[in-house]
Amino acid sequence: MNNLLKGKRGIIFGALDENSIAWKVALKAHEQGAVFTLTNAPVALRLGEINKLAEKCNAIVIPADATLVEDLDKLIAQSVEHLGGKLDFVLHSIGMSPNVRKGKSYTDVNYDWMAKTYDISAFSLHKILQSCMKQDAINEWGSVVALSFIAAQKAFPGYGDMADAKATLESIVRSFGYYYGNAKKVRVNSISQSPTMTTAGSGIKGFDSFFGFADKMSPLGNASADACANYCVTLFSDLTRYVTMQNLYHDGGFSNIGVSEILMNELGAEK
Ligand code: NAI
């Protein structure tokens, strides 16, 4: 541990169980000296797992549905009070599509559910940022990180309306990043992560095959949740102060590859 986050305060959204990316981020942030509150939707908290993490990280858990501004306002105010000062980092690690979960194909979506997909997976970031800005809850050079996926740029059958939500999420990163940077020098970025074995990930149709495909396409292989947590720590730290409004690929090179030899060989390509 190098105390990269010593003295920093934050809020971590989205730790459901020990596979969650947010779970790993909490462990690493704690290791690096940060203090933070943990939050998740009341229904997710009922599963009880997050309390184990809270104990390990010496953190309190504050329930909040990230689609409800009232919940977010309270969560942010309580976090600042409990942690004893303004925040330095926020992790948005939230995603869910009722259409994907219920097996609705992209060309046959239920539009009420699609609105929910956007609300949970994209607009929640706007709501968190707007609430933080109104309460002036983030210190100068503070860092907000959201998790995204490359389906925001390229077509991935099976990812359904989450692709549209991720494109919106990345747009909010840019737009809010401009306003928050200008007003308060607060940074906003997204990390576009490799497919990762988590509850959200495995809800995608054909996820296991896609996981293997991406692993074989990427020269470095898929990035793990643990590696993603390390990257988040660097973005929360003071070593990345001038990085903002970016979508940053953390994917072992997947986003920039056309085809890999390993897959060509498996398809029977001539040597
Ligand atoms: P996860 O299922 O562990 O985390 C998703 C979290 O969203 C859960 O903790 C869930 O309770 C929370 N959530 C859902 N609705 C909510 C609401 N209304 N209010 C507050 N929280 C709510 O799965 P994972 O993979 O750790 O997901 C975290 C983020 O990483 C998501 O944004 C996901 O799209 C993104 N991501 C995941 C990849 C993967 O393959 N697993 C790849 C790239 C990005």
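Treat the numbers as computed from the prediction; the structure is a model and nothing was measured. We count ligands from 1, going down the list as the structure has it; atoms in each ligand are counted the same way.
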Could you list which atoms of ligand 1 come closer than 4.0 Å to a heavy atom of T198?
23 (O), 24 (P), 25 (O), 26 (O), 41 (N)

Within-cut-off N or O pair, A22 and ligand 1, under 3.5 Å
no

Where on K166 is there a heavy atom closer than 4.0 Å to ligand 1, on the side chain, on the backbone, on both, or on neither?
side chain

Counting only heavy atoms, which portion of A41 has something under 4.0 Å from ligand 1: side chain, backbone, both, or neither?
both

Measuring only between side-chain heavy atoms, which start at C-beta, is M133 closer than 4.5 Å to V186?
no

Best match, I120, L91, I128, L16: closest heavy atom to atom 16 (C) of ligand 1:
I120

Between S192 and ligand 1, which residue portion shows a heavy-atom distance shorter than 4.0 Å: side chain, backbone, both, or neither?
neither

H30 side chain reached by K56 side chain, heavy atoms, under 4.5 Å:
no

At their closest point, which heavy atom of C132 faces which heavy atom of I76, and how far apart are they?
SG-CD1, 3.7 Å

Heavy-atom contact check, 4.0 Å cutoff: does H92 meet ligand 1?
no

Within ligand 1, which atoms have a heavy atom of P195 less than 4.0 Å away?
40 (O)

Pairwise side-chain contact, Q32 with K6, heavy-atom cut-off 4.5 Å (strictly under)
no

In this structure, which one of K166, H250, Q153, E170 forms a side-chain hydrogen bond (donor to acceptor under 3.5 Å, both in side chains) with S148?
E170

With respect to atom 21 (N) of ligand 1, which of L75, V25, T67, N40 exhibits the smallest heavy-atom separation?
N40

Atoms in ligand 1 flagged as close to F149, the criterion being non-hydrogen separation under 4.0 Å:
42 (C), 43 (C)

Candidates T199, L147, I191; heavy atom nearest atom 30 (O) of ligand 1 found on L147

Just go through S93, A223, S20, A15 and tell me whose heavy atom is the nearest to atom 5 (C) of ligand 1.
S93

Is the backbone of I11 close enough, under 3.5 Å, to the side chain of T37 for a donor and an acceptor to pair up by distance?
no

In a check of side-chain contact (heavy atoms from CB on, under 4.5 Å) between F13 and each of V25, L72, L38, which one passes?
L72

Would you say the side-chain atoms of Y118 pair up with the backbone N or O of F123, donor to acceptor, closer than 3.5 Å?
no

Are Y159 and F210 close enough that their ring centres sit under 6.0 Å apart?
no

Atom indices of ligand 1 within 4.0 angstrom of Q193 heavy atoms, with elements
42 (C), 43 (C)

Are the aromatic rings of W141 and Y242 close, with centres under 6.0 Å apart?
yes

Could you check if a side-chain atom of K8 sits within less than 4.5 angstrom of a side-chain atom of N139, using non-hydrogen atoms only?
no

May I ask you to identify the nearest protein heavy atom to atom 37 (C) of ligand 1, giving residue, atom name and distance to one decimal place in Å?
I21 CD1, 4.1 Å

Under 4.0 Å from a heavy atom of A44: give me the atoms of ligand 1 that qualify, with their elements.
11 (O)

shortest atom 2 (O) of ligand 1-to-protein heavy-atom contact is with A200 N, 3.0 Å

If we set the cut-off at 4.0 Å for heavy atoms, which region of F207 has an atom near ligand 1: side chain, backbone, both, or neither?
side chain

With a 4.0 Å cut-off, would you call E140 and K184 a salt bridge?
no

In this structure, does ligand 1 have an atom that sits under 4.0 Å from one of the heavy atoms of W23?
no

Out of G14, A151, A66, who gets a non-hydrogen atom closest to atom 8 (C) of ligand 1?
G14

What is the nearest protein non-hydrogen atom to atom 18 (N) of ligand 1, stated with its residue, atom name and distance?
D65 OD1, 3.0 Å

Got the closest protein heavy atom to atom 13 (N) of ligand 1, with its distance?
I94 CG2, 3.7 Å

Are S194 and ligand 1 in contact, using a heavy-atom cut-off of under 4.0 Å?
yes

